[in-house]
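Everything on this sheet refers to the single structure shown next.
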Number of protein chains: 2
Amino acid sequence: MSLRHAILGFLSLKPLSGYDLRKAMDASVQHFWPADQAQIYRTLARLVADGLVDVQDVDGDTRQRKLHIATAEGLAELDDWLRTIHPAEDSREPFLIKMFFGGRIGAADVRALLLARRGEAEAMRTTFQGIATSIPAGGDLNTTLRRATLLSGLRHVEAEILWIDETLEAVE
Amino acid sequence: MSLRHAILGFLSLKPLSGYDLRKAMDASVQHFWPADQAQIYRTLARLVADGLVDVQDVDGDTRQRKLHIATAEGLAELDDWLRTIHPAEDSREPFLIKMFFGGRIGAADVRALLLARRGEAEAMRTTFQGIATSIPAGGDLNTTLRRATLLSGLRHVEAEILWIDETLEAVE
DNA sequence: TGCTTATATAGGACTTGTCATATATGACCT
DNA sequence: AGGTCATATATGACAAGTCCTATATAAGCA
């Protein structure tokens, strides 16, 4: 249920419409929290119902957007969540299921799967590197942490590429 | 929808009851595909309805278990899936959302989150290392690939630990 | 003027997975 | 004989997310 808190996080920065929220998330946290448009609106509605977010219709504007503002309770809830130490959630890796039963399809086909994945990982590495170098190290805490979320993605694709090469060699 | 294929994979090795399946999955693929008991039984029922798995009641046995056997179509479906190159799925990392908005709670609390996560990652590294060393390298394709799924987990926790240390330093 | 695109919100149907609970029996122990 | 544990299967209620579709308006362009 982290979308709730991701949304509260964005609203803690400034009031946003559902539409803006979607764009903001796509532009920043998409690689570790891809958000579905329908889900954003539904979660927003839920947050409003729970009193963690206020809505304000914008009439003076050109568009009929609904500005969402985090309430004091919303911010308190966000900070509580941020400070809580949650155990790591388990991840699902369909690709590893394929590897686990790869014996059925033989080494050649397994190599093809690994190479395809390697290509994807390389592309992601390039993307992450490009964005990461655009954020200089040594900024304030916010910048440092936002940079860190990117580096996390980068470190994991790097590890993935290394693992693929290692596995490719083992399958040889 | 990979549980379907994970199940087909296990049934391709030998017929199993839902109960056995759960134990087999917990003992081998749990770290990349944790399976819920209810979900296993429901998916099994679905596979039977789809003609990919046959059921056989075991009467002679002490227990009233239902042996599940992959049909020819089931195995064909499994192999098709194994050979298909699927694009990597996006992962959700609640922890990174916390990092992204960590500026709200300050460096000290962020460090606490990172250290807690580091502890978990270290524990997982130890577990993975223990199991990985029990599987010697250089076996047949099946063994190599099963070892590879473990090494994948190991490489990723290693990367995670490195990233945590890097981030801890940046937050200093 | 008409076409397309971006803005903006929302509901329906569905899938996957989780959590709790129900049920029943055989095995083992005291 | 009674209690507990492992075996074995299954359902109900729910949460979270995906995909598709509907709706409406403003902006920009040809």
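Hydrogens, waters and symmetry mates play no part in the numbers below; they use all other heavy atoms, side chains included. Labels below follow one simple rule: chain letters A, B, ... track the order of the sequence lines, proteins then strands, and each chain is numbered from 1.
Taking atom CD on A:Q56 and atom P on C:dT9, their separation rounds to 13 Å, with Å as the unit. Between the P atom of D:dT11 and the CG atom of B:D36 lies a distance of 14 Å, rounded to the nearest Å. In this structure, the CD atom of B:Q37 is 7 Å from the C1' atom of D:dT9, given to the nearest Å. Straight-line distance from the CD atom of A:Q39 to the C1' atom of C:dA10: 13 Å, rounded to whole Å. With rounding to whole Å, A:R22 atom CZ is found 11 Å from D:dT18 atom P. Distance CG (B:L16) to C1' (D:dT7): 15 Å, rounded to an integer number of Å. Rounded to an integer number of Å, the gap from B:L21 CG to D:dT9 P is 10 Å. Here D:dA10 presents its C1' atom at 17 Å from CZ of B:R65, a figure rounded to the nearest Å.
A sub-4.0 Å separation between OP1 or OP2 of C:dT7 and a side-chain N or O of A:Y19 is present. Within the structure, a side-chain polar atom (N or O) of B:Y41 is placed less than 4.0 Å from OP1 or OP2 of D:dT9. The phosphate of C:dT9 has OP1 or OP2 within less than 4.0 Å of a side-chain N or O from A:S17. Of the side-chain N and O atoms in A:K66, one or more sit less than 4.0 angstrom from OP1 or OP2 of C:dA10.
In this structure, B:G18 and B:D90 both approach DNA chain D, and ranking their closest nucleotides by distance from the 5' end singles out B:G18. In this structure, B:L67 and A:R46 both approach DNA chain D, and ranking their closest nucleotides by distance from the 5' end singles out B:L67.
A parallel orientation is assigned to the rings of B:H5 and B:W81, their planes being inclined by less than 30° (bins at 30° and 60°).
Salt bridge status for A:E89 with B:R92: absent, with no side-chain N to carboxylate O gap under 4.0 Å.
Ring centroid separation for the pair B:F10 and A:F101 comes in under the 6.0 Å cut-off.
Ranking C:dA13, D:dG17, C:dT9 by closeness to the A:R42 side chain, first place goes to C:dA13.
Heavy atoms of A:R92 sit under 4.0 angstrom from primed sugar atoms or phosphate atoms, though from no base atom. Nucleic acid contact for A:A38: base, since at least one base atom lies under 4.0 Å from a heavy atom of the residue.
Checking A:Q56 against A:H68 by side-chain atom types alone, no donor-acceptor pair falls below 3.5 Å. In this structure, a donor-acceptor pair under 3.5 Å is present between the side chains of B:H86 and A:K98.
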